[in-house]
Every structure is written in C-alpha cells, then in structure tokens.
Q: 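Please find one structure pasted underneath; my questions will follow.
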Amino acid sequence: MTAWTVIVNAALDTGIHKHPSLDTWFMVTKKSTYVVGASADGYVVNLHWGKRLTQLDNLNATVTPKTLSQNPPITYALEELPAFGGLRYREHALKVDLPNGIRELNLLYSGAKIKGDNLLDIELHDGNRTDFKVTLHYEVDTENDMIRRSYTVKNGLSDRVNLDMALSAAWHPPTALNVDEKRELLTLAGEWNNEAQVQSTELKPGVAHTIESTRGFTDHVSFPYFAIRQVPSDVNPGTEVYFGTLAWGGSWEITAHTNTYGQIRITGGMHHLDFGWTLEPGESFTTPVFIAGFTDEGIPGARRRVPRHARKYQQASLQTQKDDSVYHPILYNSWEAVTFDVTYDKQVSLADKAAPLGVELFVIDDGWFGDRDNDSAGLGDWYPSKKKFPNGLKPLADHVHDLGMKFGVWFEPESVNPNSNLYREHPDWVLYYDGVPRYEARNQLLLNLGKPEVQDYIYDRVSSIIEESDIDYIKWDMNRPFQGVTMHDYDRNPREAWVLIARGYHNLLAKLKKRFPDLWIESCSSGGGRMDLSVLEYADQVWTSDNTRPDARLTIQYGASLFLPPRAMYGWVTDSGEDDNVHIPLSFRFHSSFMGGLGVGANLNNYSEKEMNETTGWISLYKRLRPVIQNGDLDWLVPPSREGQFIAASQTTSHDQQEAVILAFRMNSPFSAALNPVRPRYLKDDALYRVQIWLEDPYKIAEEYTMSGALLMHKGISLVGLNNAMFKSAVIYLKESSN
Ligand code: DGJ
C-alpha cells in the first residue's frame with residue numbers, strides 16, 4: 001500500500017491506512033487490526049485491537065464519559081501514551097521533570113505521517129508547553145500480527161528537562177464484555193538454573209501484576225514476556241490472546257493492571273527505578289521497542305508468532321548470510337566436562353574425539369586466558385594463557401579447522417576480576433560509587449560499558465583474538481548483576497549509565513558483527529540470563545540454561561519456546577542426568593536437546609565406544625531432521641509439568657506442513673495404564689504422512705507406517721515403547737508422502 005491510501009467499502013489490505021475523514025489510523029495485519037485515533041479534544045487513544053477489520057469503520061475517538069468526581073475521564077481513556085499529569089491515575093508510561101518544578105504533561109495530537117508500507121509516526125505536543133514534543137512510532141509486522149512501538153521525546157524548550165520514567169508504550173486489550181469473562185496472565189519466572197518457568201494467574205480487578213528485572217540486564221528472575229488469554233467458559237471459547245515482549249537488554253518492567261470496569265492496561269519498557277535521562281534544549285531520546293500482538297488461536301498461536309517475529313528481525317538486523325538454508329552448527333563445549341582445566345593438549349584430544357561424532361563447531365570455554373585457573377583471577381586479560389597455550393590459540397584453531405570443524409571461543413568481556421592486570425591498570429573502569437564497597441559477585445566486578453574507552457578496549461581485544469586465531473564463533477557470557485551504576489567525570493545525569501551500558505553492549509555486538517559478518521555469536525549470562533528480543537538482533541543463538549538435566553530442560557524449553565526461535569535455543573547433551581542418583585539414558589538426553597540448536601557438553605574422555613557410537617547416530621539423525629527442527633514452528637502437544645512430571649511432547653512443524661518432528665517423553669510410569677496416544681496437530685487432513693519412530697537406538701527405526709493427516713490428528717500415535725519405565729522417549733518424524 002502506498003502512503004495515505006484510502007479504501008472505503010472494500011476489504012482492507014494489510015498495511016497502514018488513514019480514515020478518509022477522521023484522524024484514525026488502521027494498522028492491518030494478516031489476522032488482526034490495531035486502530036488509533038485522536039479524539040476531538042486531542043487525546044490519542046486506542047480504538048480497536050483484535051480481529052482483523054475489513055472496512056475503515058467510523059471509530060470515533062471519544063474519552064469514556066465517566067464524569068463522577070472520583071472517575072476523571074482521562075484516567076479511563078485508552079491513551080496510547082499515558083504520561084504523568086492532569087487527572088491521570090492509572091499506570092503511567094512517561095514522567096518528565098520540566099523547568100520551574102513542573103512535572104506534568106498533557107500530550108495532545110498534532111499530526112501524523114505514514115511512512116512506507118508499515119511505519120506510522122504520530123506527533124504529540126504538550127498542551128501545557130507546546131515545545132515539548134513526543135513522536136509515537138508504530139511498525140507493523142503484518143505476517144505475525146504484531147505491532148512494534150516506541151517513541152521519541154524531543155526537548156524543544158530553552159531549558160533542561162529530565163526524564164524520570166520513559167516506558168515504551170501502553171497497550172489496552174479490549175474491555176471484558178461480561179462478568180463471566182475471566183482472563184489469565186501468563187508470565188515467565190525463574191532463577192539461575194531454572195529459567196523461563198511458565199506461571200499463570202487470574203487477572204483480578206484492582207490488582208497490578210509487575211514482572212521486572214532491576215539487575216541491569218534481562219536476567220533469569222523473570223522474562224520480558226506476557227500473554228493474556230481468555231479463560232474458556234460456557235459463554236466464550238477462550239481462544240483470544242494478547243501477548244508481547246520487550247526488545248531491551250537493560251533493567252526492564254512490564255505491568256498489567258485491571259480495574260473493576262474490566263479494562264486492562266499493560267505498560268512496559270526500561271525500568272523506572274533509578275532511571276534518569278537529561279535532555280538539553282534541542283536533544284531527543286528514543287525508547288526501546290515494546291512489541292505486542294493478538295491472535296484468536298490461543299497460546300499456540302502466540303507461541304508461533306513471537307519466535308517468527310524474533311527471527312524476522314534477527315535476519316533483518318544481522319544482515320548476514322544466515323538465512324534458513326544455513327543451519328546452526330552442532331557444537332561441542334567442554335565446560336561441564338573439564339571446567340577451567342583447558343590446555344592445548346587436552347582440548348586437542350577432545351577435538352579429536354568430537355570431530356568423528358559429527359560435531360561441526362568446537363568451543364573452548366572459560367579458562368584459556370590470563371591467569372584464569374579458577375574464577376578468582378584473570379577476567380579482563382584477554383590474552384591466551386602462556387602456560388596453557390604457549391603459542392596462542394591459533395594452533396588449536398588450526399587443528400580444529402583441519403578436523404573439519406569451526407572453532408569457537410568463550411569471552412566474558414564486560415567482567416573483570418580484581419586480580420587481573422586490567423583491573424590493576426584501570427581500577428576506574430568498573431562500576432563503582434566513590435566511598436562505597438565494590439561488591440564482588442563470583443569474585444568479579446563489571447566494567448562500565450557506557451565509557452567509550454572501555455568499549456574500545458573490549459572491541460580491540462575481542463576482535464584481535466578473533467583475527468589472530470581465526471575464530472568462527474564467540475560465546476559472550478556475563479555472570480553478575482550490576483551495582484555502583486553511575487558515570488564518573490561526566491557532566492550529564494549519572495543515572496544515564498543504565499541506558500548507556502545497555503546500549504554499549506549492543507553497540508559492541510553490532511560492531512563485531514559488522515566487522516566479522518560470518519561470525520556466530522551466542523548470548524549467555526550464567527545460562528539464560530540474556531535472552532530477549534534485543535540481543536537476538538545481534539546474536540545468532542542463546543545459551544538457554546546452565547541446567548542441562550534433560551527433564552529440567554523440558555520445562556525450561558517449554559517457557560523459552562514462547563519467544564525464542566527454535567534455531568536460537570541451544571541445548572547440550574551432558575553427563576547431567578547420569579550419576580549416582582539418577583540414570584537418564586543418552587537417548588532421552590539427546591531427544592530433549594533435539595528441540596532447538598544441538599550441542600554436546602559431556603566428558604568425551606569418559607565415553608565408552610558404545611556411547612560414542614550412539615552419539616554419532618543421534619547427531620546424524622539430528623542433521624537429517626534439523627531443517628524442520630531449526631526452521632519450523634515449535635509447539636507443545638503435552639506441556640511438561642513440574643508436578644507429577646510424567647509425560648511431555650513437543651511438535652515442530654515445517655511452514656508448509658509437509659514435515660513434522662514430534663519429541664515425546666515419559667519421565668515416569670507409576671501406574672499400570674498405557675500411555676495415551678500422542679495426537680499431532682497442524683498436519684494436512686487430506687495428505688498421507690510416512691511415520692518413522694525412533695526409541696533408544698538411533699540406528700533402528702522402531703516403527704514405520706503411513707497414515708492420513710486427518711487420522712493421525714484424530715487417532716494419535718501410539719507409543720507403547722514409552723510404557724512401564726522411567727525416562728523413556730521417542731523421536732517421531734512425519735513426512736508427507738504420495739503413498
Ligand atoms: C556461565 C555459563 O553459563 C557456562 O556455560 C560457562 O560458560 C561458565 N559461565 C564459565 O565461567
């Protein structure tokens with residue numbers, strides 16, 4: 001669609017349209033529409049969010065006429081950007097400290113511009129002081145029914161202005177239609193080793209639910225993701241879901257508040273705690289992007305859309321050659337096997353063992369640099385340890401390349417041990433407050449990435465190592481929360497440090513990607529502490545959790561698959577799950593890691609010939625199935641549960657529905673009943689599918705038959721091999737066939 005196209009009485013195309021006579025804009029996606037408009041008195045409000053509209057309906061923007069003294073209409077208006085000020089008493093998104101002690105804004109419509117097919121800017125000005133301006137930015141992802149929102153504030157005053165809170169957007173799912181309509185909020189909670197645990201809670205009037213990280217980065221304690229779904233009842237089928245996520249790598253918050261009128265407001269963006277940004281006259285500031293969408297296909301519909309959206313923006317932003325025909329490599333990483341005990345000889349010996357298994361990327365983890373024999377020294381000194389690698393990393397890289405694998409290296413560039421040359425030389429490069437203890441966590445402090453000289457040092461060291469040693473992949477780790485966040489020798493607001501650091505991190509990743517377009521980057525923060533949509537614009541993949549026990553991993557992957565593209569969600573097969581307390585077969589460990597990018601982290605030195613052979617078989621099967629696994633849509637047929645934990649099953653389906661990979665798990669079989677058949681979804685009713693099932697042996701198809709899509713989806717797949725035992729699992733491959 002071209003800008004300003006007006007269509008009346010015809011089905012609306014996807015894209016952005018202005019109403020012919022009203023100041024309303026229709027953002028039309030494949031299956032949804034989002035409408036904003038300016039009311040007669042200038043308030044910019046949401047007029048529709050949900051089902052796709054076919055007409056440019058006359059949606060007059062009026063502010064709810066509730067005139068009781070305690071219910072000011074503006075409080076109940078569905079303002080796109082509710083700023084602190086006037087009689088607004090619901091969640092705010094923006095608060096500004098203006099000259100003369102004034103801290104109120106009254107943002108009013110002053111113009112709009114459609115830019116290209118999918119961008120819209122709406123201009124607001126402060127009705128109290130006309131030269132404070134805000135531009136609301138909208139970007140429409142038509143295929144995935146999602147809208148990306150942010151805004152820019154511009155200080156047109158002749159005095160300095162401070163931002164005290166600058167959340168990215170407010171969203172308003174429609175008001176509940178009747179008292180029976182219940183809605184549930186889905187969020188993701190966690191801790192280190194226990195990421196992305198799905199939580200659900202009923203939305204109740206008068207209650208605000210906030211999820212957040214105040215630690216300076218995305219973190220494990222919560223993930224910036226929400227989904228609000230109708231709870232099915234006798235009066236509604238309960239399939240509508242509003243869902244969203246932030247593209248921001250610093251501290252963040254999302255709040256969902258419900259009132260007794262059934263209105264819901266969701267606000268979110270950079271955490272306001274200790275946030276501050278100063279705008280000198282003429283300066284502007286743009287918030288991170290808050291993305292949200294609508295589907296009437298339930299949580300599976302939301303689970304399909306966010307990962308696809310993330311992948312789309314990952315590809316657009318990285319602009320590397322990694323389209324869907326380039327598969328994420330199967331990696332070997334020795335961290336769990338040998339921790340810091342990395343030497344040239346020991347890594348060579350592991351590489352020699354990994355290559356014949358079919359491994360494609362060999363990664364050396366922590367311990368290769370400085371005086372790093374344990375976690376108390378060396379961080380910051382990004383020079384290969386003379387003791388462990390007397391000739392640098394290049395000989396190891398050459399050896400790995402000669403074996404036909406790519407070579408990867410671990411870094412934790414933001415961190416520094418006080419016991420390091422870098423800290424001795426630059427004690428002022430870390431985050432600290434004068435006269436306050438520099439609290440160490442894991443014996444380390446954080447460098448201030450807001451400082452250009454710190455960014456330069458990191459960029460120089462990481463890129464030198466990449467160049468000198470011919471490195472194909474880096475794992476960028478970060479293992480402690482922020483403290484002492486300020487800027488020294490800085491004539492601006494020291495609270496800006498929170499934003500400068502988050503931007504500094506993204507800037508570094510972007511610079512590295514630009515210089516080394518083929519480089520693979522994995523984002524890690526003590527496992528899955530940094531897996532948000534902003535990091536995915538620079539990194540190819542994330543390390544989902546340090547917890548590699550496969551049954552734990554199922555619940556982690558269940559949550560993480562709500563927002564991660566499958567190819568970015570890495571899982572390693574390790575020795576976790578095989579010790580004195582628990583025996584989880586290698587097959588089960590592989591099958592749980594088959595859900596995304598595959599890694600091996602076991603101690604290959606202890607592997608028997610049988611285990612090596614089995615590993616080779618699973619890797620080879622994974623390679624065959626990975627076009628579906630890495631590029632398909634991952635959904636869950638049976639969600640894993642933390643209570644009981646008896647069964648779980650996932651299905652990844654190719655976009656053309658011609659292929660699917662089902663992974664089925666039985667953790668326990670305490671009752672005599674057989675496992676119910678697992679019923680696939682998303683197949684074509686009228687197509688025939690060849691079904692192949694593997695159980696414990698990668699070289700032996702345990703069962704094989706052909707069945708129609710309709711029957712498969714109705715009758716399900718019987719998996720008798722999963723009965724009467726603990727930790728049994730199956731891989732099922734469905735492929736459309738002509739007979
Ligand atoms: C934390 C990461 O999550 C691990 O995979 C490993 O790289 C260690 N750091 C190394 O210190």
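Only heavy atoms go into these numbers, but all of them, side chains included; no hydrogens, no water, no symmetry mates. One-based numbering, in listed order, for ligands and for the atoms of each.
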Q: Identify, for atom 3 (O) of ligand 1, the protein heavy atom at the shortest distance, and state residue, atom and that distance.
A: Asp546 OD1, 2.4 Å
Q: Could you list the atoms of ligand 1 found under 4.0 angstrom from a heavy atom of Trp335?
A: 4 (C), 5 (O), 6 (C), 8 (C), 10 (C), 11 (O)
Q: Counting non-hydrogen protein atoms only, what is the nearest one to atom 5 (O) of ligand 1? Give residue, atom name and distance.
A: Lys475 NZ, 2.8 Å
Q: Charged N to carboxylate O under 4.0 angstrom, Arg567 versus Asp540?
A: no
Q: Have Asp472 and Trp520 got a donor and an acceptor in their side chains that come within less than 3.5 Å?
A: no
Q: Could you check Arg461 against Asp381 for salt bridge (charged side-chain N to carboxylate O under 4.0 Å, His left out), going step by step and ending with a plain yes or no?
A: CA-CA 9 Å; Arg461 283 320 311 141; Asp381 298 339; over 6 Å; no
Q: Can you label the angle between the Phe594 ring and the Phe590 ring as parallel, tilted or perpendicular, going by 30° and 60°?
A: perpendicular
Q: Does the plane of the ring in Trp572 sit parallel, tilted or perpendicular to the ring in Trp543? Use 30° and 60° as the thresholds.
A: parallel
Q: Any N/O of Arg442 closer than 3.5 Å to an N/O of ligand 1?
A: yes
Q: Can you report which non-hydrogen protein atom sits closest to atom 9 (N) of ligand 1, along with the distance?
A: Asp477 OD2, 2.7 Å
Q: Could you tell me, atom by atom, which parts of ligand 1 come under 4.0 Å of a heavy atom of Trp543?
A: 3 (O), 5 (O)
Q: With backbone taken as N, CA, C and O and side chain as the heavy atoms from C-beta onward, which portion of Cys524 lies under 4.0 Å from ligand 1: side chain, backbone, both, or neither?
A: side chain
Q: With ring-ring contact (aromatic ring centres under 6.0 Å, His included) as the test, pick out the partner of Phe411 among Trp382, Trp476, Tyr459.
A: Trp382
Q: Who gets closest to atom 11 (O) of ligand 1 by heavy atom: Asn193, Asp366, Asp365?
A: Asp366
Q: Within 45 degrees of the axis of the six-membered ring of Tyr505 and under 6.0 Å from its centre: does Arg530 put its NZ or CZ there?
A: yes
Q: Just which atoms of ligand 1 are under 4.0 Å from any heavy atom in Gly527?
A: 3 (O)
Q: Counting only heavy atoms closer than 4.0 Å, does ligand 1 sit against the backbone of Asn479, its side chain, both, or neither?
A: side chain
